[in-house]
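See structure below.
Quick note: numbers below take in every heavy atom, side chains included, and nothing from hydrogens, waters or symmetry partners.
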Amino acid sequence: MSKRIVLAVFILMLCSGLLMQPTDGQAATSAIRSSYRSASAHAKLPLKSSSANRSLNDCASAWTTIANKTFGYGQEGVNDLIYRGPSAAWAVGVYSLGSPNNSPLVLHWDGDVWHQDTSITSTGRLNALADIDGTLWTIGKTDAGLPLILEQTSPNSWLQHTLPITYNTMTVRDIAGTASNDIWLVGDEDGGAAFVLHWNGLAWSEVSLPAAGGDLFHLNTVQAANSTEVWIGGSYLNASRSFSFPAIFHLSGGTWTVTATNDGAINGEITDIAVNGSERWAVGTPQGQTPIVLRWNSTEWEYDLSTPAYSGGLASYTRVKVFGPDQVWIAGYTPFQSVANRWDGTNWIATEPATFVNAMDGLSANDMLIGGNGTILQRHAAVVEFTAAEVTAEEEHGSVTLTLQLNNPALITTTVSISTSDGSAFAGVDYIATATQLSIAPCTAAQTVAIPLIDDQAHTGTRSFTVQISATAGLQLGTRASATVTIVDPFDLPSTQLVFLPTVGSANGNGQSAPLAYANVAGGSPQATIFVFDPLQQVSTPINTYTSQSGVSTILGDWSPNSQQIVFSRLTPSTQIPGSLYQLFRINRDGSGLQQLTDSQLTSYNHARWMPNTNQIIADARTVDPATFQTTNYSLVIHTLNTAALQTIYTFEADVKDVADMDISPDGTKVVLSLVKQNQIYSDLYIFDLSSQQLTPLTLTPAVEEKQPTWSPDGQTIAYNAGQIYLIDSNGQNTRLLNQNFNTSGALAWSPDAQAIATANGSSINLHTVGSNKQPINWDVQQPNILSLIWASR
C-alpha cells in the first residue's frame, strides 16, 4: 500500500506556524469523542521517555541499498513494494519523463538485478501494489487525473479496469483484498469527496461509509484481514476546514463503524494500517505535537506516546508493518531525516535509513525492504548454520558440542529445531538420539548444542552420524544446515591389529581372517556386482558384474567347501515365459571360470547352498506353468557338479506360496527354510530333515517376518532376521536377541569360528560379537545396497 508524501506540505505548515492544537475541532459528538482514549490518562502502551528509546546500536545488519537508479530526470519515487524473499520482490512508483510528464514505474527483483516493466504506456504514477490471490494489482492515476487500475494478466502484461465513478481529477490511493472476487479500493476526488469501491469479481460497486463528524477529506489506506473484516484509514476536516483529524473505519459483521475521529487529542491523518493475527496498528502524519501511532485493543484505538523524538521535528509515519506483538516496524520521515523505528514489545529502537520511506514490506522483523524516492533498501534476514560441516569427537569425552552461527543476528527471540540421524553410528549404541528446539535470544551471534556420546568400552573404530538444523522461526537456513559428527575411539589399533577379528578357527590353525563375499545392486538398477571382501585389509575386490533385463540380477548362494568358488543365482531370460528366471552359476574366487549350472526355461533356482564336503549343491526350485505363467510348485533340488544330474528331493505342499530363504546345516542333514504359507504375508522358519523328509515348524510368530536364517558352524544355533537379529537353538528352544541395541533388515552371515555374525546394512557390514551387546565393528565398504552376504570357511 502506498501513501502520499506530504513532506513539502508539512514543512510549509511548520514554517507558517499552523502546526498548533486547534480550538475549533470539538464539534464531534460525545460518542465520536469516545472512540479515542485520552493520551495523558488512558494510553496503555508504555509511556517511556523518548530518549530512553532512541538507539542506533541495533544488533542486526544495517540497511543495504539494493536499488538506487535514476530512470528519468531525478524525480523518481518508489511508492509501494512487495517482498517475498531474496529472489522475489516487486516495486511500483513514478519516474519523470521531463516536466510535466511522468511515467508509471514497475520493477521486479530476481535476486540479482531489478528489471523494469515498460509495458504500461499511460503517463502518470502508481501509488499502491497488492498481491491478491496470487495476482498482482497496482493502482494510481494518469497525468490527466484519471484513475489507473491495473491487473497483471501475465509478466509485462496488464489489464486496465474502468471505475463506475468519474471525477474531473481523482486519485486512487490504496488497494487490498483477500480473493480475486473480494477487492477494495479507496481514494478521493482531488479537493473533493472520498470514495470506497469493491470488486466482486465481475464489477466494481461504490460503498458508503458512516459519517465521521465532518467532511471526509482523504482515504489513504485499506487493509483486509479477511472477507468480513476490513479497515480503512484517512482523515476528515473540521467544520471550518482548517484542520484534519484521523478517521478509521471498520467493517465487521457486515456493518461499517467509525473507530477513530476527532476527540480533540490528536490531529492529522491516518496513512497506513497493518493487520497480523490479533494485532492492528495504525500510523499517520500529525498536525500538532502528538505522533500518530495507534494500537487497537479489540475495543478502541490507544495512543503510543513513547516513540523516539527527533531533533529534526515530529515524525510523519507513512508505513507500519506488524509481524507480532513484539515485532512492529514504523517508518517515515521528519522534515530533515528519514526514520524507521522497531518495537520489541518494550521499547522503540530507532534507525535512520537512507531514504524517505514510502514503502515497506518484509518476511520478518529482521528481513525487510523499504523504499522511497529512487532508493530501495534491504535489511537482511538472520541466517543460521553450523560453523563447520565436519566435526570429530572422541567417545570417552561423553558429548560433542556443535556451534551454530547466526549471520545478521536476529532482532527477536528465535528458535531452531535440531535433530540427529544415524549413519555408521547408531543412536542408543554410539550416541543419544537428540530432537530438540533451541531458543536463541535477540542479538545472539552464536549458540551451541551438545549431543551425548556413549562410550562402549570397546575398540570399534570410527563411526559417524548427522546433526540437522530443520524448522526455524524467525531465521533462514544457511548452506551448512547439517553437520557430520565422526566419533573416534582413540584406543582402537590400526585395522591390521584389531583386538577382535574372527578367524577360521583352531581346526585350520592358521589364525587368518576368512573372506566375505557380498553382492550389491547399483543405485536400484538391475546391475549387480559380486565382491570378495578381506576383513583384515578391509579391501573389496569385484569379481563379476552383471546386468539383467529386469529385477535384482544376482543373489549369492554359498562358498565351496574349500572356499575357492562361489555358487550364486542370476536372472536369465526365458524363451518360454515373459521375463527371466533365476539360474545357478559358479565362479572362482578370483573372478575366473564363470560357469552356468542350470538352464531351465520353466524353473527358477535360488538360495543355493553347497552340501558339506561334496560336489553337490542344494537349492529351492520354482516351476512355472507355460500356459498361465503361474507357479505350479516349489521344491528342493540337488545339482551334482560336472554332470547334468538335477534331482528333485522334495516337493512342498500346495499351501507353500514362497520359499524366502534357506540354509544347510554344517553336517548336511537338515535345511532351515523361511516359508510363506497360503493366507499369510509373513514368513516363518521351518526345519526340513533330508533323511526323514519331515518339515517341522521352528518359529510360528504371528505378523512377524522371519527371514535369512543362517546356521552356526557347530550346528547348534540358528540366527535369523526379524527386524532385530535373533538366535534360536536348532531344537526350537531358547529364543534370544543377539544384540538388543541393534536393528537391521539386511542379510546375515555367521563367522566360521562362531565368534561373530556379520550383517549387511546399506553400504556397511557390521560385525557383532556373539554373546555380547558391545558396539559392533563397522566396515564401510562404500558399495551401496548390499543385498546378500556369505562368509568363507578359510
[X]: salt bridge (Lys or Arg N to Asp or Glu O under 4.0 Å) partners, not counting sequence neighbours:
X: Asp667; answer: none
X: Asp714; answer: none
X: Glu385; answer: Arg480
X: Arg609; answer: Asp661, Asp663

Indicate the atoms forming the closest heavy-atom contact of [X] with [Y], along with that distance.
X: Val624; Y: Arg622; answer: CG2-NH1, 3.6 Å
X: Thr614; Y: Pro561; answer: O-CG, 4.1 Å
X: Tyr605; Y: Thr598; answer: CD1-OG1, 3.4 Å
X: Leu698; Y: Ser730; answer: CD1-O, 3.9 Å
X: Ser563; Y: Ala792; answer: OG-CB, 3.5 Å
X: Ser674; Y: Lys707; answer: OG-CA, 3.7 Å

Measure the [atom1]-[atom2] distance between [X] and [Y] for me, rounded to the nearest 0.5 Å.
X: Ile577; Y: Gln630; atom1: CD1; atom2: CD; answer: 10.5 Å
X: Leu516; Y: Leu767; atom1: CG; atom2: CG; answer: 8.5 Å
X: Leu738; Y: Thr759; atom1: CG; atom2: OG1; answer: 8.5 Å

**OP:** Please check if the distance between the ring centroids of Phe688 and Tyr686 is under 6.0 Å.
**Re:** no
Subject >> side chain to side chain donor-acceptor pair (under 3.5 Å) between Asn761 and Asn766, worked out >> reply: CA-CA 7 Å; Asn761 291 279; Asn766 297 104; 3.0 Å; yes
Subject >> Residue of the set Asn633, Thr651, Thr631 for which side chain to side chain contact (heavy atoms under 4.5 Å, CB included) holds with Thr623 >> reply: Asn633
Just wondering, do [Y] and [X] contact through their side chains at under 4.5 Å, heavy atoms?
X: Asp422; Y: Arg463; answer: no
X: Trp711; Y: Lys670; answer: yes
X: Asp430; Y: Ile454; answer: no
X: Leu404; Y: Thr387; answer: no
X: Ile543; Y: Phe531; answer: no
X: Trp750; Y: Pro713; answer: yes
X: Tyr682; Y: Val676; answer: no
X: Ile725; Y: Leu748; answer: yes

**OP:** Evaluate the criterion side chain to side chain donor-acceptor pair (under 3.5 Å) for residue pair Asn544 and Arg570; output intermediate values, then yes/no.
**Re:** CA-CA 11 Å; Asn544 187 260; Arg570 169 178 290 175; 2.2 Å; yes
Original post:
In terms of side-chain heavy atoms, does Glu706 have a donor or acceptor partner in Thr701 at a distance below 3.5 Å?
Top reply: yes
Original post:
Around Asn613, counting heavy atoms of other residues, nucleotides and ligands shown, do more than 12 lie under 6.0 Å from its CG?
Top reply: no
Original post:
Any chance CD of Glu653 has more than 12 other-residue heavy atoms, nucleotides or ligands included, within less than 6.0 Å?
Top reply: no
**OP:** Assess whether side chain to side chain donor-acceptor pair (under 3.5 Å) is satisfied between Thr640 and Gln616, documenting all intermediate values.
**Re:** CA-CA 5 Å; Thr640 302; Gln616 292 182 316; 3.2 Å; yes
**OP:** Show the numbers, then the answer: is there a salt bridge (charged side-chain N to carboxylate O under 4.0 Å, His left out) between Arg736 and Asp729?
**Re:** CA-CA 9 Å; Arg736 66 271 190 197; Asp729 293 348; 2.9 Å; yes
Original post:
Sequence neighbours excluded, which residues qualify as ring pair (Phe, Tyr, Trp, His ring centres under 6.0 Å) partners of Tyr582?
Top reply: none
**OP:** Please identify each residue that fulfils ring pair (Phe, Tyr, Trp, His ring centres under 6.0 Å) with Phe585, with sequence neighbours left out.
**Re:** Phe568
Original post:
Parallel, tilted or perpendicular: which describes the rings of Tyr726 and Tyr720, with under 30° parallel and over 60° perpendicular?
Top reply: parallel
**OP:** Start with the C-alpha distance between Gln583 and Thr572, add both sets of side-chain angles, then the distance that settles side chain to side chain donor-acceptor pair (under 3.5 Å), and finish with yes or no.
**Re:** CA-CA 6 Å; Gln583 302 300 318; Thr572 305; 5.8 Å; no
